[in-house]
Amino acid sequence: MIPIARARTRRLTIIAQDPSVTVGGKVLTTEVEVPAEEIAPGPRGYRVQVIDYDTSSGVLYQPMDYPEMENGRYVDPFKRLAAQPTSDKLLNDPHFHQQNVYAIVMKTLARFEFALGRRISWGFPGHQINVAPHAFADANAFYSKRDQALVFGYFRGLSNQIVYSCLSHDVVAHETTHALLDGLRNRYTDPSSVEQAAFHEGFADVVALLSVFSLKDIVGASLTVDNAATAASNPDFISPKQLSIEKLKNSVLLGLADQMGAEMGVGVRGDRAQALRRSVKLEPLKETDDPQKYQNMEEFQEPHRRGEILVAAMLNAFLLVWDARIKRLARGRPGAKLDLQLVVEEGATAADQLLTIAIRALDYAPPTDLQFSDYLSALLTADKELVPDDSKYGYRGLLRRSFQAYGIDPAHNNATDGCWAASDEDLTYDRSHFESMLRDPDEVFRFIWENREELKLHEQAYTKVISVRPCLRVAPDGFAFRETVAEYIQMMTLRAQELQYFDPPIGKPNPMPPSQEVTIYGGGTLIFDEYGRLKYHVYNRLANSTRQTPRMKYLWKCGYFQDPDSAQNSFARLHLSRALNLKTDLREAF
Ligand SMILES: [Zn+2]
């Protein structure tokens, strides 16, 4: 029998943005390509399993059962329904909701794997994440590490319609990113600092917003929907005036969770789409401003709000790149209308490149206590590794300028390019084995222990290699090459009074009793090149009072030491507290 080549991907219908985005009175849908598999009823697949149980009503919905292949092709069961003149049937079909979450979670996972060139685990021991599209009756959604699940709520909105968070592309991609980031950097959910928690939120928004640009239907439609004149005259062409940076900032594309914001009545004030967040419009600092203006403001001590600084910096850099690309299209033809399809393509390319760098930067980020400045150095390094010659669009210059406009400078300030310095430690390699260094944590541990002095490890601390990941990258010359990324952490539990014995001493929060038990963390990311030599060592040292002192003070202020259980399931609480806050305090700006 001749083996038949099996399809590697399949196409599934999803809602392009959320049910608030309509064209001609119909909700805009699109098809996405996800890795193909034989889907069990649910849909349940090798990485994602939809379990549709509603805890509020006690209802278990029938799982979606996928049809057999037709003529050797997978069938998208909702393609026909999506083509009908009205959207009601699609929107009210729980089976479609199941497909919508399955497809967006799978697509987001595949996007991360594409950027990193390797498989990615969730932040918990299992292979499959549980996804509950109608989990409870509340205007909320979250990633629960304990339940190994993404859960999505629903609620009756201001328009008296039921609003399903599982139908919002932004919300599903945001929650999936929490789970993926947790798999890549497990310690970022540790209670540490506002900025580390804010990174989880901001990064999840960045992935959600930039990945919309790969759905070209919605990009084209929203550029014309936002502009009735173009839609009415000739939707294939668009005036450059409609593509100013200010206009793009206000488009549906750059607002997060438009429908939820509007239906909860908490959307951004004055926002046409009433998105839940429109971080791209956060005002850049003026020259006379204190560079830490936002970081010092009380409202930016809340993780989602603080995360908006990161989102603003990233998305403004994206807009500058898109704008530069649009200007090239218009070169030599001032004022002439532009081919809409080309404008959309340029946006998709810019977003795609930035998203790849944003995900790859995680490999160059320290494993503990991440600050935005660390992430900026990681971003610049990731980009330099991918594209050494930055002269065409100058991404790195734009990123730096855009981050600086929000008071974020690279953590590695000594280098003129803001990238991490290449490792120059004089290390011993001849007692470890190259082959097992590629995958064996014990071998990597032996290497770092052997070199603990050069790598500036704290000898008394508990040290553990928490991951060793081989990755295949494409070098700028087109050749594939292998890198290995390993993370280690160091921790030490001691009494508060002992913090003063570090050099320099770590400050104890004043009211903390001297006998209080505290744990301090440090760690590093090691990036080995294809010959097994250390290329970068990105670390936070355990004995570092500039980082540890504010961390102690922050955790004390949050009551973390008084209530050790507060660390449990912090994500669920974070999102819940935000939602509760929104309901009780509408003066908030989102
Ligand atoms: Zn979140």
Side-chain angles (χ1 to χ4, degrees), residues 121 123-124 145 178 180-204 303 306-307 310 361-379 381-382 408 410-412 420 423 441 444-445 448-449 452 455-469 485-494 499 502 504 506-507 517-527 534 536-556 558 560-561 564 566-568 570-571 574:
S121 310
F124 47 81
K145 189 171 180 150
H178 276 318
L180 288 164
L181 179 55
D182 194 28
L184 284 161
R185 285 286 182 268
N186 217 253
R187 311 301 302 212
Y188 287 179
T189 50
D190 285 350
S192 179
S193 65
V194 183
E195 217 147 87
Q196 178 162 287
F199 180 76
H200 243 283
E201 297 307 330
F203 184 73
R306 179 70 152 258
L310 179 78
L362 298 172
D363 270 357
Y364 297 90
T368 59
D369 190 35
L370 183 78
Q371 304 294 306
F372 292 169
S373 56
D374 296 319
Y375 183 66
L376 175 56
S377 279
L379 262 180
T381 312
I408 308 165
H412 190 249
W420 297 121
S423 159
V444 174
F445 182 78
I448 60 175
W449 184 252
R452 59 191 179 276
L455 295 172
K456 301 185 180 73
L457 263 67
H458 199 292
E459 209 172 275
Q460 259 89 50
Y462 167 78
T463 306
K464 185 173 164 64
V465 172
I466 53 172
S467 73
V468 182
R469 301 185 174 110
V485 182
E487 291 170 277
Y488 68 87
I489 51 155
Q490 289 210 293
M491 48 209 280
M492 199 184 252
T493 300
L494 30 78
L499 291 169
F502 282 90
I506 298 172
E517 206 170 72
V518 295
T519 304
I520 52 174
Y521 298 90
T525 302
L526 303 159
I527 296 163
L534 189 63
Y536 293 104
H537 178 209
V538 181
Y539 58 89
N540 286 325
R541 292 173 62 192
L542 196 85
N544 175 349
S545 73
T546 1
R547 290 224 178 195
Q548 303 288 11
T549 304
R551 178 178 171 266
M552 281 297 139
K553 288 195 173 140
Y554 170 72
L555 293 180
W556 177 262
C558 300
Y560 170 66
F561 292 105
S566 66
Q568 295 295 312
S570 56
F571 269 97
L574 201 77

Over all atoms of both residues, closest heavy-atom pair of [X] and [Y]:
X	Y	answer
Arg187	Ile466	CG-CD1, 4.1 Å
Tyr488	Pro367	O-CG, 3.5 Å
Gly123	Asn186	O-ND2, 3.6 Å
Leu370	Ser193	O-OG, 4.4 Å
His537	Leu455	CE1-O, 3.3 Å
Ala378	Ala361	CB-O, 3.4 Å

**OP:** Please list, chain by chain and in numerical order, all residues satisfying salt bridge (Lys or Arg N to Asp or Glu O under 4.0 Å) with Asp374, sequence neighbours excluded.
**Re:** Arg547

**OP:** Return the set of residues passing salt bridge (Lys or Arg N to Asp or Glu O under 4.0 Å) with Arg469 (not counting sequence neighbours), or none when no residue passes.
**Re:** Glu487

Original post:
So do Arg306 and Phe372 actually touch side chain to side chain, heavy atoms under 4.5 Å?
Top reply: yes

Subject >> Side chains of Met492 and Leu542 in contact at under 4.5 Å (non-hydrogen atoms) >> reply: yes

**OP:** Please determine, by modelled atom types, if Ser192 and Asp190 share a side-chain donor-acceptor pair under 3.5 angstrom.
**Re:** no

Which distance, rounded to the nearest 0.5 Å, do you find between the [atom1] of [X] and the [atom2] of [Y]?
X	Y	atom1	atom2	answer
Asn540	Ile489	CG	CD1	12.5 Å
Met491	Lys464	CE	NZ	10.5 Å
Arg541	Thr546	CZ	OG1	10.0 Å
Tyr539	Asn544	OH	CG	9.5 Å
Ile520	Thr493	CD1	OG1	9.0 Å

Contacts of type side chain to side chain donor-acceptor pair (under 3.5 Å), residue [X], not counting sequence neighbours:
X	result
Tyr536	Glu385
Arg452	Glu459
Gln490	Thr463
Ser373	none

Subject >> Verdict with supporting geometry, Arg551 and Asp369, salt bridge (charged side-chain N to carboxylate O under 4.0 Å, His left out) >> reply: CA-CA 9 Å; Arg551 178 178 171 266; Asp369 190 35; 5.7 Å; no

**OP:** Could you list the residues that satisfy ring pair (Phe, Tyr, Trp, His ring centres under 6.0 Å) with His458, not counting sequence neighbours?
**Re:** Phe502

Subject >> ring pair (Phe, Tyr, Trp, His ring centres under 6.0 Å) against Tyr521, all qualifying residues, sequence neighbours excluded >> reply: none

Subject >> Qualifying residue for side-chain contact (heavy atoms from CB on, under 4.5 Å) with Tyr364, from Thr525, Thr381, Val485 >> reply: Thr381

**OP:** Classify the angle between the aromatic ring planes of His200 and Tyr188 as parallel (below 30°), tilted (30 to 60°) or perpendicular (above 60°).
**Re:** perpendicular

**OP:** Check whether any side-chain N or O of Ser467 sits under 3.5 Å from a backbone N or O of Ala486 as a donor-acceptor pair, and report yes or no.
**Re:** no

**OP:** May I ask you to decide if Leu362's main-chain N or O and Arg185's side chain share a donor-acceptor pair within less than 3.5 Å?
**Re:** yes

Please list, chain by chain and in numerical order, all residues satisfying side chain to side chain contact (heavy atoms under 4.5 Å, CB included) with [X], sequence neighbours excluded.
X	answer
Phe124	Trp122, Ile129, Tyr143, Gln148
Val518	Leu494, Leu499, Met512, Gln516, Met552, Phe561
Pro550	none
Ser121	none

